[in-house]
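Following: one structure in structure tokens, then a few remarks.
Order of the sequence lines sets the chain letters (A, B, ...), proteins ahead of strands, with each chain counted from 1.
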There are 2 protein chains.
Amino acid sequence: MRMTKVAPQIRIRLKVDPVLVARICHALSDATRLAILDRLRNGDQCVCDLVDVLGAGQSRLSFHLKTLKDAGLVRDRKDGRWVHYSLNTETFLAIEAFLASFRKAEDATEAQACCKT
Amino acid sequence: MRMTKVAPQIRIRLKVDPVLVARICHALSDATRLAILDRLRNGDQCVCDLVDVLGAGQSRLSFHLKTLKDAGLVRDRKDGRWVHYSLNTETFLAIEAFLASFRKAEDATEAQACCKT
DNA sequence: TCAATATATCAAGATATTTCGATTTGTCAA
DNA sequence: TTGACAAATCGAAATATCTTGATATATTGA
């Protein structure tokens with residue numbers, strides 16, 4: 001982690017498309033989808049596991065998983081007749097950077113990368 | 001900014017209500033509202049200024065400003081016959097912390113505060 | 001091949017959100 | 001007090017999203 005102050009022009013900056021931000025935030029704005037993401041904290045889950053744990057219908061979960069995938073918040077991996085979903089942390093990082101830019105007046109209309117682990 | 005490592009039990013933690021997260025993210029999921037937030041980067045704006053700049057109807061802007069205010073993303077301040085809106089950075093920080101928790105396996109179901117300026 | 005299982009997709013209805021125009025409320029200045 | 005202006009609210013129409021049940025696709029094992 002970089003600790004010394006750097007000049008503005010060499011800061012890491014990410015230009016964030018508002019259409020993508022809206023899509024990501026929309027994906028995060030539903031209780032079922034937040035519950036799915038919460039289940040994925042502990043690693044990959046197949047749809048059938050999520051159906052069992054969340055008590056939601058299979059087509060409903062497929063619908064929400066597609067929304068999360070289209071937003072880039074999750075990835076899917078096919079394994080035989082199962083599909084495993086997992087968190088895509090890059091997108092979380094990108095949206096965090098976008099939101100952080102609202103707390104940093106000097107960054108005007110662009111987002112600044114932060115929170116790197 | 002704290003630079004030394006701290007033990008997990010004394011980390012700052014924020015329990016985030018999924019209902020509030022959904023409300024905040026919903027507020028962030030609309031192009032008009034993102035445009036409003038972008039205008040507020042440079043400080044307070046009254047509704048009439050936003051109407052001029054964004055080219056949207058007044059009732060439409062009032063509707064979206066209410067959505068943003070209910071989500072805690074903006075504050076309003078009455079000044080004579082004008083109402084000035086401004087960014088509420090605390091809520092941005094809270095939602096960033098919530099999102100960051102998905103990138104930190106050890107935090108399980110709670111969000112960790114980060115990105116403090 | 002056939003039956004069972006996992007997942008995706010579709011259509012239709014239910015629900016929620018957004019937009020617009022009109023009205024209302026509150027403030028100020030003449 | 002009156003007229004003008006800023007902003008919020010309301011009802012109705014338009015649009016988008018979510019849920020459900022049915023069906024389609026793909027994979028596996030018998």
Open item on the list: Is it the case that D/dA6 (base atoms only) and B/Gln58 (side chain only) share a donor and an acceptor within less than 3.5 Å, ignoring hydrogens and angles?
Closed with: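 Counting by modelled atom types and ignoring angles, no donor-acceptor contact under 3.5 Å is found here.
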
Ignoring the backbone of [X], work out which of [options] is nearest its side chain.
X	options	value
B/His64	D/dA6, C/dT19, C/dT17	C/dT19
B/Val83	C/dT5, C/dT7, D/dA8	D/dA8
A/Ser62	C/dA29, D/dA8, C/dT9	C/dT9
B/Arg81	D/dT27, C/dG26, C/dT7	C/dG26

Any base atoms under 4.0 Å from [X], or only sugar-phosphate, or nothing? Heavy atoms, all strands.
X	value
A/Lys69	nothing
A/Arg60	base
A/Gly57	nothing

Task: Side-chain N,O (A/Tyr85) to OP1/OP2 (C/dA6) below 4.0 Å - done: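 A/Tyr85 to C/dA6 OP1/OP2: no side-chain N or O under 4.0 Å.
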
TODO: Would you tell me if any nitrogen or oxygen in the side chain of A/His26 comes within less than 4.0 Å of OP1 or OP2 on D/dC18?
DONE: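 Yes.
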
Grab the [atom1]-[atom2] distance between [X] and [N] for me, whole Å please.
X	N	atom1	atom2	answer
B/Lys66	D/dA7	NZ	C1'	13 Å
B/Leu61	C/dT18	CG	P	13 Å
A/Asp52	C/dT7	CG	P	10 Å
B/Asp76	D/dA6	CG	P	18 Å
A/Leu65	C/dA6	CG	C1'	13 Å

- [ ] Using the six-membered ring of B/Tyr85, assess whether NZ or CZ of B/Arg75 lies under 6.0 Å from its centre and within 45 degrees of the ring axis.
- [x]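 No, a cation-pi geometry is absent between B/Arg75 and B/Tyr85.
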
Open item on the list: Is it the case that the side chains of B/Ser86 and B/Arg77 hold a donor-acceptor pair, with the cut-off being a distance below 3.5 Å and no angle test?
Closed with: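 Note: B/Arg77 and B/Ser86 side chains miss the donor-acceptor criterion.
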
Task: Distance-only polar pair, side chains of B/Arg23 and B/Thr67, donor-acceptor under 3.5 Å - done: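 No, no side-chain donor-acceptor contact under 3.5 Å.
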
Task: 5' precedence on DNA chain C between B/Ser59 and B/Phe63 (nearest-nucleotide basis) - done: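 In this pair, the answer is B/Phe63.
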
Open item on the list: Keeping B/Asn88 on the side-chain end and B/Gly72 on the backbone end, is there a donor-acceptor pair under 3.5 Å?
Closed with: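 Yes; at least one donor-acceptor contact below 3.5 Å.
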
Task: Over all atoms of both residues, closest heavy-atom pair of B/Arg33 and B/Ala27 - done: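 Distance-wise, the nearest heavy atoms are NE-O, 2.8 Å.
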
- [ ] Please figure out whether A/Asp30 or A/Lys78 has its closest DNA chain D nucleotide nearer the 5' end.
- [x]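 Nearest-nucleotide comparison on DNA chain D picks A/Asp30.
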
